[in-house]
Amino acid sequence: QVQLVESGGGLVQAGGSLRLSCAASGLPFSSYAMGWFRQAPGKEREFVATISWNGRIVYYADSVRGRFTTSRDNFKNTVYLQMNSLKPEDKAVYYCAARRTTSRYEYEFEYWGQGTQVTVNS
């Protein structure tokens with residue numbers, strides 16, 4: 001079965017950096033676009049970034065553009081989210097997700113990871 005496993009979350013001070021990873025198995029990873037979403041306490045899950053199967057097409061939410069970078073390694077079946085200049089409002093559970101083409105809409109994604117917690121202290 002398809003598994004997406006996020007890692008790399010943790011506690012960081014404001015202004016710091018974290019790199020999230022999402023390891024995929026059970027699907028032809030290099031044929032799938034990947035997305036990152038996050039859900040803060042008491043809020044709905046929101047789009048963060050998406051990357052095409054070959055990494056050539058990338059979209060970011062306005063709130064993270066210029067601070068976050070997503071990339072992928074199709075040989076390792078892994079997608080990454082490099083998060084720099086973190087702010088307290090970036091605190092959330094971060095999820096990766098997979099679908100055939102890039103999208104900003106969570107309802108379009110077929111497969112989801114379990115999430116990893118990111119906490120940013122001010």
Side-chain angles (χ1 to χ4, degrees):
Q1 72 276 23
V2 175
Q3 281 194 312
L4 303 177
V5 180
E6 300 96 336
S7 61
L11 174 64
V12 65
Q13 294 295 112
S17 298
L18 283 174
R19 188 175 83 152
L20 306 184
S21 300
C22 171
S25 61
L27 79 170
F29 181 76
S30 61
S31 298
Y32 273 72
M34 300 297 293
W36 289 97
F37 294 80
R38 66 185 182 185
Q39 187 167 21
K43 295 187 177 181
E44 294 186 352
R45 191 155 55 184
E46 64 175 5
F47 167 75
V48 175
T50 186
I51 184 168
S52 63
W53 66 273
N54 59 5
R56 292 179 181 176
I57 300 172
V58 181
Y59 298 113
Y60 296 98
D62 290 344
S63 58
V64 307
R65 188 176 295 112
R67 300 188 298 122
F68 290 11
T69 302
T70 189
S71 61
R72 64 189 296 157
D73 185 335
N74 286 347
F75 293 104
K76 295 183 178 179
N77 286 3
T78 302
V79 63
Y80 304 98
L81 184 68
Q82 177 67 44
M83 306 185 295
N84 298 329
S85 302
L86 282 160
K87 305 175 181 179
E89 52 263 43
D90 294 318
K91 174 183 177 179
V93 177
Y94 283 72
Y95 300 89
C96 68
R99 74 181 301 264
R100 286 289 187 175
T101 57
T102 56
S103 172
R104 301 172 182 265
Y105 306 107
E106 65 170 296
Y107 66 86
E108 293 186 338
F109 281 81
E110 301 173 54
Y111 305 108
W112 290 84
Q114 82 290 348
T116 185
Q117 177 71 50
V118 171
T119 302
V120 184
N121 282 346
S122 58

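Atom set for the values below is all heavy atoms of this structure, side chains included, hydrogens, waters and symmetry mates excluded.
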* Are V12 and L81 grouped together when hydrophobic residues (ILVMFWY) are joined by side-chain heavy atoms under 4.5 angstrom apart? -> yes

* Asked: Judged by modelled atom types alone, do T116 and E6 share a side-chain donor-acceptor pair under 3.5 Å?
  -> no

* Asked: Roughly how far apart are Q114 CD and C22 SG, rounded to 0.5 Å?
  -> 8.5 Å

* Under the 6.0 Å and 45° cation-pi test, does R99 pair with Y111? -> no

* Identify whether Y80 and L18 are in the same connected component of the hydrophobic contact network (ILVMFWY, side-chain heavy atoms under 4.5 Å). => no

* To do: Indicate, with yes or no, if F37 and I51 share a hydrophobic cluster defined by side-chain heavy-atom contacts under 4.5 Å among Ile, Leu, Val, Met, Phe, Trp and Tyr.
  => no

* **Note, Y94 side chain near M83 side chain (heavy atom, < 4.5 Å)** => yes

* Structure fact -> Only residue of V58, T50, V48 satisfying side chain to side chain contact (heavy atoms under 4.5 Å, CB included) with T70 is V58

* **Sole candidate of E89, E106, E46 that passes salt bridge (Lys or Arg N to Asp or Glu O under 4.0 Å) when paired with R38** => E46

* May I ask you to check if R72 and F29 form a cation-pi contact, with NZ or CZ under 6.0 angstrom from the six-membered ring centre and within 45° of the axis? => yes

* To do: Could you walk me through whether S17 and Q82 pass the side chain to side chain contact (heavy atoms under 4.5 Å, CB included) test, one step at a time?
  => CA-CA 7 Å; S17 298; Q82 177 67 44; 3.9 Å; yes

* Asked: Are the aromatic rings of Y60 and F47 close, with centres under 6.0 Å apart?
  -> no

* To do: Look up atom CZ in R67 and atom CG in N84, then write down how far apart they are to the nearest 0.5 Å.
  => 9.0 Å

* Asked: Does Y95 share a hydrophobic cluster with L20, counting links as ILVMFWY side-chain heavy atoms below 4.5 Å and allowing steps through other members?
  -> no

* To do: Give, for atom OG of S30 and atom CG of N77, the distance between the pair rounded to the nearest 0.5 Å.
  => 7.5 Å

* **Minimum-distance pair of heavy atoms, taken over all atoms of P88 and S122** => CG-CB, 3.7 Å

* Asked: Are W36 and L27 joined in one hydrophobic group, where the rule is that I, L, V, M, F, W and Y side chains link up if heavy atoms are under 4.5 Å apart?
  -> yes

* **Test: D90 and K87 ion pair at under 4.0 Å** => no

* Could you tell me whether the side chains of D73 and T78 share a donor-acceptor contact shorter than 3.5 Å? => no

* **Row check, W112 ring normal vs R45 NZ/CZ: under 6.0 Å, within 45°** => yes

* Is there a donor-acceptor pair under 3.5 Å between the side chain of N74 and the backbone N or O of W53? -> yes

